[in-house]
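What you see below is based on every heavy atom in this structure, not just the backbone, and it leaves out hydrogens, waters and symmetry mates. These numbers come from a predicted model, not from an experiment.
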Amino acid sequence: MPPPQESGDPGLAECLRLLEAVPAAAASAPAFRRHWPSLSASLAALSAALASPAFPPAAPLLAPLAAALGALLSAASDTPRLGHLHTVSLLSSSAASLSQLAADARLLATPAPPASAADADALISRLRLGSAASRAAALEELAGTAAALPAPAAAAAVSAVAALLDSAAGDLLPPSRERAVAVLAAFASSDAACRFLAEDPGAVVPHLCRALESGGAGAEHACAALLPLTAASRDASAAVAARGGVAALLAACAGGTPATQAAAAGVLRNLAAFPDLLPWFRDEGALPLLLQLVSLGTPRAQELALVCLQNLTAGDGDEGQRLKVEAFQEGALACVRDFLDASRGDEPGLAPALGLLRNMASFRYIAEIAASASFAAHVAAALGSDRSATRTEAALALAELCGNAAGGGRGSRRELEGAVPRLVWMLEAKPAAERDAAARALAALLASSGACRKLFRRDERGVAGAVRLLDPAGARGVDRRFPVAVLLAVAQSRRCRKQMVAAGACGFLQGLMAAEVDGAKRLAECLGKGKMLGVFPRT
């Protein structure tokens, strides 16, 4: 939790203290479990808003905020006396109240735009030439004008702030250094300034890494600055890793405020997207801390930590295989299962959780364990999600489970059979990635289960959908080996062969054979044996 601003206002200090106390109190109260996702999101937003330099220290909402937080703490400690129904009612009203207060706090923390370009130039001049007090005041004002500055003025301001942090004069007090880092975070959130920062990450990354190591509010501002910067620039990500940023970010995940944890997990996610930076994660022992964040963090922190773990385990090389084994040894499979068990509806973290499961299941030994641990029910349920990304990850996870586990995970036969009609429907989805994932899953599923092949043959849309994926013009982005494998799995059926020929499979297969696609020649031979229908490509 960031320290209170130097306002001397007891209302702000009290709210910060209460915000810090609520998570610990809620952890010991079972009644909070249902409402904790919405409560934790509001608490994170309030922490970020109250720590903002633009937040007024004497804001009118501090009194109702303190009252709402006090009510939460009372509910946590007096649950036996209040009774379950009374406690649930109190939590529902408190969650709604905190959500509104968080929205109001964000508005109060939104800085006003600069009055004019001349004002921005004056602030930059004060940063370069003013006294210590004048520089501190200029930083305070610049934090509120950064987002609205034009690109040239933003570049000049960033250079001035970096030069100020480089200064060896020693007259910049720690609060002003924190404010300077907050100014850099504000510039990083501006597209124009972020491009300038990404082109020369060496100018600001060292200062941000030092702020990370210092902890407190400076670490939160540094994470906020590094989040867009590392997403926009591979060089910035490498510079952060080279300066020991992975260890500092992990420390922020372990002991920071909810907002700091989420921002730090987002930066780690960006770094983990580059395979050459993965050794830094192994050297710093990142896996246990990231798994802990998935178990105990806010919904946003959980989502970002899962994406980071998904990136870490995505590689097929030696480093990627070692990370998969280490993640399994640290309990990643159990962590994913607990997350899936606790999920309510289609949460944003569901897709990366399934992606992590998919990466783990690409290792045969882990796939065997996952197939026998009731993961198939979660994966099959996720195929019915309203989000294309979730359906895609679920299908890819199912493909790995069925393709690498002996027998395709026959212990979950009912769930696997229920997945067939959903995958057939996905063959006609608009995103190419979703159609490709459905074809991969069906190829693995039909190869491992006779019951699934029987269900697929009964659905007339299945063969027609798979044949459409053979068309080079209409199925770009789809690996055609998998629809070929799907059709081969049911090619022994005379009825299915008729459907393939009628849908134009023979014409498409000519092009696939010329491209030497695996299985295309064998499928063409199966269709040519019957000579039951005219062999004409569909037009």
salt_bridge(D316, K324) N-O dist < 4.0 Å: yes
Residues L309, L291; criterion side-chain contact (heavy atoms from CB on, under 4.5 Å); working and verdict: CA-CA 8 Å; L309 288 165; L291 291 170; 3.6 Å; yes
Residues R391, S388; criterion side-chain contact (heavy atoms from CB on, under 4.5 Å); working and verdict: CA-CA 5 Å; R391 295 194 300 268; S388 175; 3.7 Å; yes
Atom pairs and distances, side-chain donor-acceptor, residues 258-266, under 3.5 Å, sequence neighbours left out:
unit_1, atom_1, unit_2, atom_2, d
T260, OG1, E220, OE1, 3.3
T260, OG1, T257, OG1, 2.9
Q261, NE2, C253, O, 2.9

Salt-bridge criterion met for R461 and E428 (N-O under 4.0 Å): no
Salt bridge present between D436 and R440 (N-O < 4.0 angstrom): yes
Distance in Å, L488 CG paired with C496 SG, rounded so as to fall on 0.5 Å steps: 12.0 Å
Shortest non-hydrogen separation from V181 to A222 and the atoms involved: CG1-N, 3.6 Å
Donor-acceptor pair, side chain of R480 and main chain of V478, under 3.5 angstrom: yes
Side chain to side chain, F482 and L469, heavy atoms closer than 4.5 Å: no
Inter- and intrachain pairs under salt bridge (Lys or Arg N to Asp or Glu O under 4.0 Å), touching residues 286-304, at least two apart: R300-E303
Residue pair E434 / T392, side-chain donor-acceptor N/O under 3.5 Å: no
Test item: P299 and P348 side chains (from C-beta on) under 4.5 Å apart, heavy atoms: no
L312 vs L356 side-chain heavy atoms within contact, under 4.5 Å: no
N/O donor-acceptor pair under 3.5 Å between D518 side chain and R481 backbone: no
V467 vs P483 side-chain heavy atoms within contact, under 4.5 Å: no
R453 side chain to L446 backbone, donor-acceptor under 3.5 Å: yes
Backbone N/O of K430 and side chain of R435: donor-acceptor pair under 3.5 Å: yes
Check: L229 main-chain N/O paired with S233 side-chain donor or acceptor under 3.5 Å: no
Derivation and outcome, side-chain contact (heavy atoms from CB on, under 4.5 Å), residues N311 and F274: CA-CA 8 Å; N311 289 342; F274 301 102; over 6 Å; no
L523 side chain near M500 side chain, heavy-atom distance below 4.5 Å: yes
Under 3.5 Å donor-acceptor, T390 side chain and D386 backbone: no
Salt bridge (Lys or Arg N to Asp or Glu O under 4.0 Å) partners of residues 326-340, not counting sequence neighbours, each pair once: R282-E326
Shortest non-hydrogen contact from V424 toward L442: N-CD1, 4.4 Å
Minimal non-hydrogen separation, F339 against V294, with atom names: CD1-CG1, 4.4 Å
Donor-acceptor pair, side chain of R422 and main chain of A380, under 3.5 angstrom: yes
Chi angles and distances behind the side-chain contact (heavy atoms from CB on, under 4.5 Å) call for F281, C308: CA-CA 10 Å; F281 287 84; C308 182; 4.1 Å; yes
